[in-house]
Enquirer: 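One structure follows; several queries about it will come next.
Just so we're on the same page: letters track the sequence lines, and every chain starts at 1.
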Number of protein chains: 2
Amino acid sequence: MAQSDTVDRILDAAEELFAERGFSETSLRMITSKANVNLAAVNYHFGSKKALIHAVFARFLSPFSVTLETAFDELEQRCKGNPPTLNETLWALTESAIRMPQRNEKGISIFMRLLGLAYTQSQGHLRKFLEQEYGEPFGRFMHLLKEATPELSAVDRYWRIQFMLGATAFTMSSSDALIDILDNKLGVQASVQEIAARLVPFLAEGMKAPDKLQGPPSLAGTTVA
Amino acid sequence: MAQSDTVDRILDAAEELFAERGFSETSLRMITSKANVNLAAVNYHFGSKKALIHAVFARFLSPFSVTLETAFDELEQRCKGNPPTLNETLWALTESAIRMPQRNEKGISIFMRLLGLAYTQSQGHLRKFLEQEYGEPFGRFMHLLKEATPELSAVDRYWRIQFMLGATAFTMSSSDALIDILDNKLGVQASVQEIAARLVPFLAEGMKAPDKLQGPPSLAGTTVA
DNA sequence: TTAGCGTTCAAACGTATGTTTCAAACAGAC
DNA sequence: GTCTGTTTGAAACATACGTTTGAACGCTAA
């Protein structure tokens, strides 16, 4: 009881602080005082700050990757033979993320924000850790995307996947702030689930855009090589 | 000669280091030793590290906002009366960014990467600074977008603009790395200009996606409220 | 009871940070 | 050539960081 309580309190506090301030901007002292825990506890239980960051990610990424693999299994099984469509693939991922058992109501947005930070904050050790631990489900998602968009050239698909990742990581990582702004400006309440529901069609349409480069419309709408 | 040389060397070094490492992760000592300048010079010329960050942004954002206003002026003038189309609006922004006079060949990607960092790293002072100094051209862009997509509800437009910003900021901020990866994987050379040419149609199509929320395809492709 | 073990605690460690100091070097005007 | 305001230089400042230490604590088994 004593142990796991301290460990979890540290993880909870770290997760929240990392999500709202970033890694370098969050000190161990902030974490331990928020968790009502002694400073030395972090190094005792985790070894170092880097290892704590890894533990924070592992705590939600490990169950998520299991959920995701299952979702992909079901998806491939459901449409025996033919590869899943783009919409189905995107939704498999989205649902896995949304339906994850959450520790609290902010769970999903913290989850997303941390993923976004992992991309943008260039913490080399984190990138290595994530690739090593969770490279497989990611590679599988990429493969599904490839089969779902056979009409795209490899180069086009490559860039459009980056665009999708960007739109998702960026929006989700600021989801809380964006939801607040929307409420202030238009008086509309939104949820992470709703953002996802709006994001998927946006991505799918962008993905299926005509496969050619466009020049600026000032050149009479011609297409350029 | 002496003054402006030191100031510019500091700005050059800071710009590059900020872009590749982030703000908190870049110390004044890294900057001054890269710039071959005394440590005290930063506080002497700029006053503080925060002010240096602002100066780095101002140096490329000020000319850019002028270029952008001009581009919007020309655009509105060209199509008297009718509001510019979505493609035209996006291209006006894109061309302004691409055609900016660059200090060196890495200029455009540093520019983009810094903009991305400004969004993701939650440096409160930076956000305030940018809103205060450059809120006007941004607001004008938003207004053009609104007129170019009258069929969208305000809520839909809001979210899709975030998606566009995300795809752009995210991709462009890692453009160098992504170009390298593409070269390694597929042996294809790319440029920032080409990324932009691929990004615009992706964004435009996503923006024009059917204006309704979609449920997961597991629910037989029905649409949900 | 006592010995052992995992855990917590206050305090200190060494290092790196942003910032300040003040003397020396420099420039241009008279 | 000398003076004046500006810019650089080496050093130190105070503070915050991640990490380590060693003593105290609470529990379980002998």
Enquirer: Atom CG of A:Asp5 to atom C1' of D:dC27: distance rounded to whole Å?
Expert: 16 Å

Enquirer: Using ring pair (Phe, Tyr, Trp, His ring centres under 6.0 Å) as the criterion, list what pairs up with B:Phe129, not counting sequence neighbours.
Expert: B:His54

Enquirer: So, the side chain of A:Arg21 versus the backbone of A:Thr26: is there a donor-acceptor pair under 3.5 Å, distance only?
Expert: no

Enquirer: Once you round it to whole Å, what is the distance between C1' of C:dA16 and CZ of B:Arg21?
Expert: 13 Å

Enquirer: Could you list the donor-acceptor pairs under 3.5 angstrom formed by side chains in residues 61-75 of chain B, with sequence neighbours left out?
Expert:
{"residue": "B:Ser62", "atom": "OG", "partner": "B:Ala58", "partner atom": "O", "Å": "3.1"}
{"residue": "B:Ser62", "atom": "OG", "partner": "B:Tyr134", "partner atom": "OH", "Å": "2.7"}
{"residue": "B:Ser65", "atom": "OG", "partner": "B:Ser62", "partner atom": "O", "Å": "3.1"}
{"residue": "B:Thr67", "atom": "OG1", "partner": "B:Pro63", "partner atom": "O", "Å": "3.0"}
{"residue": "B:Glu69", "atom": "OE1", "partner": "B:Arg140", "partner atom": "NH1", "Å": "2.6"}
{"residue": "B:Thr70", "atom": "OG1", "partner": "B:Val66", "partner atom": "O", "Å": "2.9"}
{"residue": "B:Asp73", "atom": "OD1", "partner": "B:Arg140", "partner atom": "NH1", "Å": "3.2"}
{"residue": "B:Asp73", "atom": "OD1", "partner": "B:Arg140", "partner atom": "NH2", "Å": "2.6"}

Enquirer: Filter on salt bridge (Lys or Arg N to Asp or Glu O under 4.0 Å), then keep only pairs touching residues 30-49 of chain A, sequence neighbours left out; what's left?
Expert: A:Glu16-A:Lys34

Enquirer: Looking only at side-chain N and O atoms, does A:Thr6 come under 4.0 Å of OP1 or OP2 in C:dT8?
Expert: yes

Enquirer: Do the side-chain N or O atoms of B:His45 get closer than 4.0 angstrom to the phosphate oxygens (OP1, OP2) of D:dT6?
Expert: no

Enquirer: Does anything in residues 165-191 of chain A pair up under salt bridge (Lys or Arg N to Asp or Glu O under 4.0 Å), and if so which pairs, sequence neighbours excluded?
Expert: none

Enquirer: Rounded to the Å, how far apart are B:Phe46 CZ and C:dG18 C1'?
Expert: 15 Å

Enquirer: List the protein contact pattern of nucleotides 11-23 of chain D with one symbol per nucleotide (5' to 3'): B for base contact, S for sugar-phosphate-only contact, - for none; contact means a heavy-atom distance under 4.0 Å.
Expert: -B----BBBBB--

Enquirer: Going by the rule salt bridge (Lys or Arg N to Asp or Glu O under 4.0 Å), which residues pair with B:Arg157 if we only count those two or more places apart in sequence or in a different chain?
Expert: none

Enquirer: Taking only residues two or more places apart in sequence, or in another chain, which ones meet A:Thr171 in a side-chain contact (heavy atoms from CB on, under 4.5 Å)?
Expert: A:Leu178, A:Ile195, B:Trp159, B:Gln162, B:Phe163

Enquirer: Considering the terminal five base pairs at each end of the helix from C:dT1-D:dA30 to C:dC30-D:dG1, what angle separates the two local helix axes, rounded to 10°?
Expert: 10°

Enquirer: Starting at CD of B:Glu25 and ending at C1' of C:dA16, how long is that distance when rounded to a whole Å?
Expert: 14 Å

Enquirer: Can you run down the ring-ring contact (aromatic ring centres under 6.0 Å, His included) pairs that involve residues 173-201 of chain B, sequence neighbours left out, and say none if there aren't any?
Expert: none

